[in-house]
Amino acid sequence: MRWSQSLIPTMKEVPADAEIPSHQLMLRAGLIRQLMAGAYTYLPLGWRSVQKAAQIIREEMEAAGAVELHMPALQPIELFDRTGRNEAFGSVLVRLDVTRGDRKVHMALGPTHEEVITDLISRHINSYRQLPLTLYQIQTKFRNEERPRFGVLRTSEFLMKDAYSFASTLEQLNDSYDAMYAAYCRIFQRCGLKYIPVEAESGPIGGDASHEFMIPAENGEDQIVYCESSGYAANLERAETGRKTPDLSGSNSSAALEKVHTPNAGSIEAVCKFLKCSPEQMIKTLIYLSDEKPVAVLLRGDHDANEGKIRRALGVKSIELADEKTIQSVTNAGIGFAGPVGIKCDVIADHDVPLISDAITGANETDHHYKNVNIGRDYQLETTYDLRDACEGDPCPKSGEPMKFVHGIEVGHVFKLGTKYSESLGAEFLNEHEKREPIIMGCYGIGVNRIVAGLAETCHDENGLLWPISIAPYEVLIIPLKTDDEDLMNVAEKMYADLKEKGVDVLFDDRPARPGVKFKDADLIGIPFRIVIGGKGLQEGIAEVKARTAEGPEKIPLDQTVEHVAKLVSEAKSELQKSSAT
RNA sequence: CGGGACGUAGCGCAGCCUGGUAGCGCGCUUGACUGGGGGUCAAGAGGUCGCAAGUUCAAAUCUUGUCGUCCCGACCA
């Protein structure tokens, strides 16, 4: 492609609205332009990168036995009603009421395609003999983000590869899941991404096993907890800690229990301010409704409750924070004054709670707290649980070593769905004993734009982007320094044609611009290899070849340049193809 | 949805407090010079100051409303 024929609007200055590196660089390098909050146009360079990522995904999906199809973005709302997700998605679902004649047709723009594909499969799969099957598509998804942000990382419209596996047995599901997991590793490897697979909650989508693929990045929205020595990695929602139940027999503090008046101090923060104490000294008491039954959950004041862990510890289906009335009946007090001493409901506690001696906690009486609360004497526990979000430095559940935190951008997610959708949409098959069973499903997503944005976010220097060869919009950039020098242009044109002939993706900077401008733009858009043909070089019979990441250029005789660069390109590509354990 | 900031030329910004002919840098056009890391000189084009209402002889500037964008939080595959 000739630069002069493409649309590559580079910018010298940083747009005021862009804050994180990927957003700034993608705008400056002419990859994207914003249409409105959460919706971006992909310009020629940006779209090429997206297409390259999509192509790698296709190749690896096919290699893993998945088959591509294409489903509509427009979906009838009725399908979402049948799975209960019309309500579950809430404002995230983009709903449309379309007039057809004298009636309204209710539809939605697909936020994902479980409903559509399960409906399809329910009509065409009848027998275990037709399973397993894995289908995928690359499609635009619509999710109304309450607050779009981070440029292209969190948008209301985005490209996603979504795959769905259908199995007659758990073994089949596990095989499909493992195949997808392995394919994801190869995809991200080939895209030149540093990634970490982490254990994850499967979330409202349901299911029982799930991994997320994260790009470690300072501006990532997700928190990853990991252990260097054991390799354990999980997202914050899911991360276990290796803490143990401490001694519950009693504290050796002799300070007497004391009730203090704390008017209007119903929050940890307010009590700390009022009593001049720190949150670590407090026992936070949260009243939950656990399958409709109130339970008090005790945590150290500075810790965050993890509802998934609480739900599992209680062994119940659902938990939610109790309403004011329930709290009143259990504590005889308004919100914010609950405590374990004399509370009238079941109590479960996090491992760290008994370790607090002379704790401060609510007195189950409005506007009052207790001081010097101690385990054994003032309240009793039979055991303790892991009920809170992990903290930096917590022991790893595998090795016991302190765990570290890092931010991550989620680029992929694989999970075992089970039969949630097949049951609600009637996707059943006949097994070998002529019994009807729901199909066991798995679902596997990759944010295609996020691959590109994640690379922009993590691979750059002070001059611009540093694309890996596989995702770079072009592999080689040819810069003739004097476009009005006929001899020089003839050489450059020949090189451009020859490289194209060899199947190399070449961008030809034929603009009549000053060298400085071309060099700056070259660095900004980050094409991996650059060939410069200048007046001096031409006289010496050489071209300058420079990798974007190299310190300086290498002089290559003109008649060998094409060969040399083609070799560099194929070497760089095969380097990324190598399988390596990440 | 709670809190905060900002809307002036394609981009970055000043002017607003204290109302009185809309400005700077980059980019763009033309010409000359220049010619290996965002050049120099000269001459130009480009803005109903987000929109609406109000106050005023007069509003980019003051008031109110509204729309939009960004940031923090809540929410969220």
Side-chain angles (χ1 to χ4, degrees), chain A residues 7 9-20 23-24 27-28 30 33-40 85 88-94 110-114 139 141-151 153-162 200-207 210-214 219 221-222 235 237 304 409-415 417 443-450 462-464 479-485 488 509 511-525 530 532-540 542-544 546 552-553 555:
Chain A
L7 177 63
T10 58
M11 283 190 282
K12 186 145 65 167
E13 288 177 284
V14 181
D17 281 345
E19 205 138 288
I20 63 171
H23 193 195
Q24 294 181 349
L27 285 168
R28 289 221 294 134
R33 282 298 179 267
Q34 185 181 52
L35 178 63
M36 58 179 182
Y40 286 82
R85 287 167 106 204
F89 269 117
S91 65
V92 171
L93 194 63
V94 180
T112 167
H113 282 72
E114 279 84 1
Q139 236 272 11
K141 307 291 185 195
F142 299 86
R143 289 180 195 173
N144 176 43
E145 287 296 336
E146 295 281 323
R147 189 186 152 211
R149 64 186 120 174
F150 302 135
L153 279 175
R154 188 157 205 85
T155 53
S156 292
E157 180 182 333
F158 54 95
L159 246 207
M160 177 163 142
K161 186 285 302 179
D162 48 326
E201 289 283 355
S202 47
I205 214 151
S210 161
H211 287 86
E212 289 170 343
F213 289 79
M214 298 283 196
N219 288 303
E221 286 187 271
D222 296 281
N235 71 13
E237 231 181 344
D304 293 320
I409 298 165
E410 186 185 348
V411 276
H413 198 161
V414 291
F415 44 97
L417 273 178
C443 110
Y444 318 91
I446 291 181
V448 186
N449 328 272
R450 278 191 178 177
E462 66 278 11
N463 294 315
I479 303 181
L481 287 181
K482 293 181 183 176
T483 49
D484 52 1
D485 179 332
L488 192 151
D509 190 353
R511 296 174 300 170
R514 300 177 63 82
V517 174
K518 293 189 172 193
F519 287 136
K520 286 290 182 188
D521 273 348
D523 286 347
L524 182 57
I525 68 172
R530 187 186 84 185
V532 173
I533 302 160
K536 290 177 212 156
L538 198 65
Q539 280 173 11
E540 294 172 42
I542 57 107
E544 290 165 37
K546 179 182 169 298
K555 293 184 177 180

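All of these numbers come straight from a predicted model, not from anything done at the bench. Order of the sequence lines sets the chain letters (A, B, ...), proteins ahead of strands, with each chain counted from 1.
Partners of A:Thr10 under the side-chain contact (heavy atoms from CB on, under 4.5 Å) rule, at least two apart in sequence or in another chain, are A:Trp3, A:Ile8, A:Asp521, A:Leu524, A:Ile525. Residues satisfying the side-chain contact (heavy atoms from CB on, under 4.5 Å) test with A:Asp485, not counting sequence neighbours, are A:Lys482, A:Asp487, A:Leu488. Partners of A:Lys518 according to the side-chain hydrogen bond (donor to acceptor under 3.5 Å, both in side chains) rule, which considers only residues two or more places apart in sequence or in another chain, do not exist here. A:Ile542 pairs by the side-chain contact (heavy atoms from CB on, under 4.5 Å) definition with A:Glu540, A:Glu544, A:Lys555, not counting sequence neighbours. Every residue meeting the ring-ring contact (aromatic ring centres under 6.0 Å, His included) condition with A:His23, not counting sequence neighbours, appears here in chain and number order: A:Tyr40. With sequence neighbours left out, the side-chain hydrogen bond (donor to acceptor under 3.5 Å, both in side chains) criterion links A:Lys520 to no other residue. Remark: A:Glu157 engages no residue in a side-chain hydrogen bond (donor to acceptor under 3.5 Å, both in side chains) (not counting sequence neighbours).
Within the 4.0 Å cut-off from OP1 or OP2 of B:C72, at least one side-chain nitrogen or oxygen of A:Arg147 is found.
Separating the C1' atom of B:A22 from that of B:G46 is a span of 13 Å, rounded to the nearest Å. Look at the P atom in both B:U48 and B:U30: the space between them is 24 Å, to the nearest Å.
Taking atom CZ on A:Arg149 and atom P on B:A77, their separation rounds to 13 Å, with Å as the unit. Taking atom CG on A:Asn219 and atom P on B:C70, their separation rounds to 15 Å, with Å as the unit. Protein atom NZ of A:Lys482 is 12 Å distant from nucleotide atom P of B:U34, rounded to whole Å.
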N/O-N/O pairs, protein side and nucleotides 25-33 of chain B side, under 3.5 Å:
| from | atom 1 | to | atom 2 | distance (Å) |
| --- | --- | --- | --- | --- |
| B:G25 | N2 | A:Glu13 | OE1 | 2.7 |

Table of protein N/O atoms under 3.5 Å from nucleotides 67-69 of chain B N/O atoms:
| from | atom 1 | to | atom 2 | distance (Å) |
| --- | --- | --- | --- | --- |
| B:U69 | OP1 | A:Ala37 | N | 2.9 |
| B:U69 | O2' | A:Asp17 | OD1 | 3.3 |
| B:U69 | O2' | A:Asp17 | OD2 | 2.6 |

